[in-house]
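Structure first, commentary second.
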Protein chains: 2
Amino acid sequence: MSTSLHHRAIENLGTRIITGELPTGHIMLAEHLEEELKVSRSVVREAVRVLQSLGLVETTKRVGIRVLPPSRWNPFDPQVIRWRLSSDARGAQLRSLIELRSAVEPAAAELAANNAPAQLRRELVDIAHALRDAGHTGDAQKFLELDIAFHSVLLSGSGNEMFANLMGQVAETLTGRTVHGLMPDHPHEGALQWHVDLAEAVAAGDAATARDASEQIMRRTTSRLSGTWTDQPRVFIPVRRN
Amino acid sequence: MSTSLHHRAIENLGTRIITGELPTGHIMLAEHLEEELKVSRSVVREAVRVLQSLGLVETTKRVGIRVLPPSRWNPFDPQVIRWRLSSDARGAQLRSLIELRSAVEPAAAELAANNAPAQLRRELVDIAHALRDAGHTGDAQKFLELDIAFHSVLLSGSGNEMFANLMGQVAETLTGRTVHGLMPDHPHEGALQWHVDLAEAVAAGDAATARDASEQIMRRTTSRLSGTWTDQPRVFIPVRRN
DNA sequence: TGACACCGATGTGTGCAGACATCAAAACTC
DNA sequence: GAGTTTTGATGTCTGCACACATCGGTGTCA
């Protein structure tokens, strides 16, 4: 009972829309949702308002609550990402996230090398070394934690709040690939060293080397995971013109 | 009155939070907001719920509605971006967006060269040529439209819905710099050519050349705009650990 | 007779007011 | 200081009035 009715209503409707159980164009009536979810109007209305702000539905008088096409969903919203990761579109969502990370992390490494405060640089180096050790000992749990911490500190150190905000999504992908048995027992030795190189380049303010190391890491991550989404068709969002 | 009370309430509170008029930690009471905004409880509650989903506020029983620190705001939400662009943090927001674009667009160019459907490739080439013409004639209005269209089609052609979703934000930055008189009367000849090169590389499926051209464009854009945010301090979002 | 413009009925979201339930902070008791 | 009670804010529910997009009927004109 820790979650509010409001929150449960959002979760229920959001999940069903993302999975396609409530398809694009499907029209619901607020009154009908009250009965179905066994909650009052106020709960339904507040939930619909939130889903509206996420681009999942729109409301029209005399018509009802209409489910919008995926092209209108806000693909950066943490909730939307979470719902997609636990749906059939999981592969497509992972591919999007990895492509985004591949673009962003090298840039973040460069920025961190130029701008990060000294404490974050030290922290990054420490984590990189601990990560290499955990990789050698084969402690998967600790490795995962350090891996998440490493990329989080890097993104945070970029000083770009949009980059930093991707921490959560990165954590999801890293956790996901461990849970799904996509990690080898002993991580790739080269990858461990690239993390150390990246951290030390950031610490030394060497932006070019930091970027190179990050690109190496992301290239390897991409190639290791690309098998997950080979069957996923690409979706081309139409250009919205005024 | 095309805008609903609900929407106006969100706009009012969102703006005041982003500008800092309602500072981090500030506590409001729903009852008080009713009086202040001259609206009913339901309007206030629905607005607060949306702001909550954007990470701008949190509600606690027996306490009230608390304004959250900027590190909790969702920096990818279009509304948040819009509010920040029209606040004192405008420079910092522009810098973040340009850095994001600089990271994403070259990657999008590469993906588009590999995956975009034929029609989008043709469209991109057409727009690039029209853009060069508009640059030569000096039609600023048309140039802006074509510039937005070009980058929108490119991002759309990447087949990554997160990249594609940045169209709106890109349009904001391009429109912004025109409105604020940051554009020269006649665009840089090299930049015009880079757009054509990029389009033709995408059309030819030449990913490396497409990326290079895109990097050129973004480098120039960054250097032209960097004066806008020289005084803006960087903010380092703390790493959120569980 | 058929096509079209008008207009009122209908249904649905929007906004309002008031009540009770719940629960955590704060005050109090021992 | 630990446990208990009080209190005050959000959470939830309900009935009502209103705004307004859609639909179907009516009337007009060709």
Side-chain angles (χ1 to χ4, degrees), chain A residues 1-17 22-69 72-74 79 242, chain B residues 1-17 22-69 72-74 79 242:
Chain A
M1 277 295 268
S2 68
T3 62
S4 63
L5 291 180
H6 163 71
H7 187 264
R8 265 188 285 173
I10 291 180
E11 205 66 26
N12 181 316
L13 293 175
T15 306
R16 288 161 66 195
I17 290 173
L22 300 173
T24 298
H26 179 77
I27 287 180
M28 302 166 293
L29 271 45
E31 192 185 1
H32 178 240
L33 289 178
E34 294 177 37
E35 301 171 10
E36 188 185 331
L37 304 178
K38 300 281 200 303
V39 293
S40 70
R41 268 210 312 288
S42 51
V43 173
V44 169
R45 285 174 49 169
E46 287 164 26
V48 167
R49 278 275 140 85
V50 171
L51 296 174
Q52 194 177 26
S53 86
L54 301 182
L56 265 59
V57 302
E58 73 180 355
T59 60
T60 315
K61 281 182 181 174
R62 170 76 198 191
V63 174
I65 301 152
R66 182 186 290 113
V67 176
L68 293 174
R72 300 283 298 277
W73 303 345
N74 181 353
Q79 294 188 101
N242 303 340
Chain B
M1 280 306 136
S2 68
T3 63
S4 62
L5 288 182
H6 163 71
H7 188 263
R8 265 187 285 172
I10 291 180
E11 205 66 26
N12 181 317
L13 293 175
T15 305
R16 289 162 64 194
I17 291 173
L22 301 174
T24 298
H26 180 76
I27 287 180
M28 303 167 290
L29 270 45
E31 191 186 3
H32 178 240
L33 289 178
E34 293 178 38
E35 301 171 11
E36 187 184 330
L37 304 179
K38 299 283 199 302
V39 293
S40 71
R41 181 123 183 254
S42 51
V43 173
V44 169
R45 289 185 50 80
E46 287 164 27
V48 167
R49 279 274 137 86
V50 171
L51 296 175
Q52 193 176 26
S53 86
L54 300 183
L56 265 59
V57 302
E58 72 180 356
T59 60
T60 314
K61 280 185 176 176
R62 171 81 195 193
V63 173
I65 301 152
R66 191 192 341 262
V67 176
L68 293 174
R72 299 284 299 277
W73 303 346
N74 181 352
Q79 294 189 101
N242 303 338

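Heavy-atom basis, side chains included; hydrogens, waters and symmetry copies ignored. Per chain, numbering begins at 1; letters A, B, ... match sequence-line order.
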Any side-chain N or O of [X] below 4.0 angstrom from OP1/OP2 of [N]?
X: B:Arg45; N: D:dG11; result: yes
X: A:Arg49; N: C:dT14; result: yes
X: A:Ser40; N: D:dT12; result: no

Distance check needed: [N] [atom2] versus [X] [atom1], whole Å only.
X: A:His32; N: C:dT12; atom1: NE2; atom2: C1'; value: 15 Å
X: B:Ile65; N: C:dA24; atom1: CD1; atom2: P; value: 17 Å
X: A:Glu34; N: D:dT14; atom1: CD; atom2: P; value: 8 Å
X: A:Glu35; N: D:dC13; atom1: CD; atom2: C1'; value: 15 Å
X: A:Leu5; N: D:dT10; atom1: CG; atom2: P; value: 18 Å
X: B:Glu31; N: D:dG8; atom1: CD; atom2: C1'; value: 11 Å
X: A:His7; N: D:dT12; atom1: NE2; atom2: C1'; value: 17 Å

Nucleic acid contacts of residues 50-62 of chain A, taken as heavy-atom distances under 4.0 Å to DNA chain C: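 DNA chain C contact set from residues 50-62 of chain A: A:Thr59, A:Thr60, A:Lys61, A:Arg62.
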Residue whose nearest DNA chain D nucleotide is more 5′ - A:Val63 or A:Lys38: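 Its nearest nucleotide being more 5', the pick is A:Lys38.
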From D:dG15, C:dG13, D:dT10, nucleotide with atom closest to A:Ala30 side chain: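 For A:Ala30, the side-chain atoms sit closest to C:dG13.
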Nucleotide nearest B:Arg41 (side chain, heavy atoms from C-beta), chosen from C:dG13, D:dT12, C:dG15: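 The nucleotide sitting nearest to the side chain is D:dT12.
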Atom CD of B:Glu58 with >12 non-hydrogen neighbours under 6.0 angstrom: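 Yes - once you tally the heavy atoms of other residues, nucleotides and ligands closer than 6.0 Å, there are more than 12.
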Can you tell if the side chain of [X] reaches within under 4.5 Å of the side chain of [Y], non-hydrogen atoms only?
X: A:Ile10; Y: A:His7; value: no
X: A:Glu46; Y: B:Val48; value: no
X: A:Arg45; Y: A:Ser42; value: no

Nearest-0.5 Å distance that lies between atom OG1 in B:Thr24 and atom CG in B:Leu56: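 That separation rounds to 9.5 Å.
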Flag for A:Asn12-A:Arg16: side-chain donor and acceptor within less than 3.5 Å: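 Checked: A:Arg16/A:Asn12 side chains pair up, N/O donor to acceptor below 3.5 Å.
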Over all atoms of both residues, closest heavy-atom pair of A:Val44 and A:Ala30: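 Heavy atoms only, the tightest pair is CG1-O, 4.1 Å.
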Sugar-phosphate only, base, or nothing, as touched by B:Arg66 at under 4.0 Å among non-hydrogen atoms: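 No contact at all - B:Arg66 keeps every heavy atom at 4.0 Å or more from the nucleic acid.
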